[in-house]
Amino acid sequence: MDADVVVIGAGALGLSTALHCALAGRSVIVLDRHQAGSQASGRAAGLFKSVQADELRTRLARRSIELALGFGDWAGEPLEVERSGSFLLARTPAHADYLRRELAQSAGWGVDLEAASLARLGEQVSYCSPAGEGYALWCPEDVYIEEPMSLVQAYAAACRRHGAEVAEDEPVVGLEVTGGQVRAVQTERRRITARAVADAAGAWVAQVASLAGGEVPVAPVRHQLLITEPDQGVVPGDPIVRVVDAAVYLRPARGGLMAGGFETGALPVDPRLQPASFSTDDVPLDAGVLRKLTDQVAAEAPAASAAPVAVHRGGLFTMSPDGRFVLGPVPGVAGLWVNSGCNGSGFSSSPALGEALAAWITGGEAPAGVAELAPSRFGPVSAETLVTRGLWQYAHYYDPMAPDPA
Ligand SMILES: Cc1cc2nc3c(=O)[nH]c(=O)nc-3n(C[C@H](O)[C@H](O)[C@H](O)COP(=O)(O)OP(=O)(O)OC[C@H]3O[C@@H](n4cnc5c(N)ncnc54)[C@H](O)[C@@H]3O)c2cc1C
């Protein structure tokens, strides 16, 4: 069997890469060890966020929103996207200053963003009533996808519509390299020769790259969220709220409220140190972590900490040392590419990241600015540093301008 491009991993990043390669006229096979979207992507919160820490990520985030909203037009499959808008809320003077800087910076990069009073936030959002001091921003262009699996399914259907094969329950067990060039992919069932191989294996991305002797510098770190039982106080489609000083996000979900957040000292989980059968189902969940986070916003959004919990789910982010995506050719292994280093935004940035990597693979040149994301920007990084840096980036998801110890 032969393909122009083999993509390893049928999560959001792999499927988007495959779809854009197929749209560029390449023969494509996507291989997943489990079901498409069953690991990180299907468990995501589904939030898209225009406000990012640098111009490139802002551009990719906004392009992704555009691609998600127009999915039916360019991919040929329907996709429902909730045009909710979002508020960013800061309750400390330091975080308010941080948001003021974000307002100036993001507006300069074209984001539709404005300062909003706390009263306006309380009027526009059924489930959140901020009291006391604070500062808020309103971003009308932010969106969310109610059920993250719907994006995965739309990608998979669009891949098949455009001629790509999406193979599930077919683990990749080997990569053949001769003369420094990857030549073929070995699964449990077949050998596929390929001109390009894209490693989009999520938390297993380093493990897969190592099959070809390549290295991808990411540390998988646990992230969790909850959804409450349906609650009449939560109006479906209401805006997303991100409380930046508490590092907590909130949105309507399944008739109730979704809440998730970023603790300090999160749990790193390296699949390479786990049994071979390890999957996201084996990542231990800890309701206490979520309770501490939601308690911090109990005054503003009481349902988040008081309403009965209907869903508690979690999975792994792939954190990179500088908090930016890891996208491009894997150093030292010609023909091997990577789409990873999600840093908690891989679901929402997948439309643009897949588009960018596919253009790079099929056209031979990185789209403007994207070469900055190549894994070659890192020298050798020890496993310990990867974890330390990854945990720092995770804890500072909403305030990446905080003084960095590195
Ligand atoms: C609780 C939670 C909430 C989140 N919320 C958001 C959010 O609101 N917005 C956002 O942008 N991001 C969010 N994220 C992050 C987002 O889910 C990830 O960035 C994104 O899903 C990464 O996609 P992926 O394709 O790299 O990984 P995955 O979806 O994990 O896909 C990787 C795939 O590779 C497969 N694989 C691994 N090894 C092999 C092998 N040897 N052979 C074949 N296949 C293999 C796996 O089975 C898996 O299906 C959240 C994550 C979690 C856990």
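When reading the values below, keep in mind they use all heavy atoms of this one structure, side chains included, and skip hydrogens, waters and symmetry mates. Order of appearance sets the numbers: ligands from 1, and atoms from 1 within every ligand. Being a predicted model, the structure only gives us computed values, none of them experimental.
Below 3.5 Å of separation, one finds an N or O of Gly344 facing an N or O of ligand 1. Residue contacts with ligand 1: Asp32 is placed with a nitrogen or oxygen under 3.5 Å of a nitrogen or oxygen of the ligand (distance criterion only). For ligand 1, one of its N or O atoms has an N or O atom of Ser41 under 3.5 Å away.
Between Ser345 and ligand 1 there is a heavy-atom distance shorter than 4.0 Å. By the 4.0 Å heavy-atom criterion, Gly46 is counted among the residues contacting ligand 1.
Taking the ring centroids of His20 and Trp74, they lie under the 6.0 Å cut-off.
For ligand 1 and Pro171, the ligand atoms under 4.0 Å from any heavy atom of the residue are 42 (N). Counting the atoms of ligand 1 from 1 in the order shown, those under 4.0 Å from a heavy atom of Gln39 are 30 (O), 46 (C), 47 (O), 48 (C), 49 (O). Near Ala45, meaning under 4.0 Å from any of its heavy atoms, are these atoms of ligand 1: 3 (C), 4 (C), 5 (N), 6 (C), 7 (C), 8 (O).
In Phe317, the part holding a heavy atom less than 4.0 Å from any atom of ligand 1 is the side chain. Contacts with ligand 1 closer than 4.0 Å are made by heavy atoms of both the backbone and the side chain of Phe347.
Remark: the Thr385 side chain and the Ser382 side chain contain an N/O donor-acceptor pair separated by less than 3.5 Å. Side-chain polar atoms of His223 and Tyr394 form a donor-acceptor pair below 3.5 angstrom.
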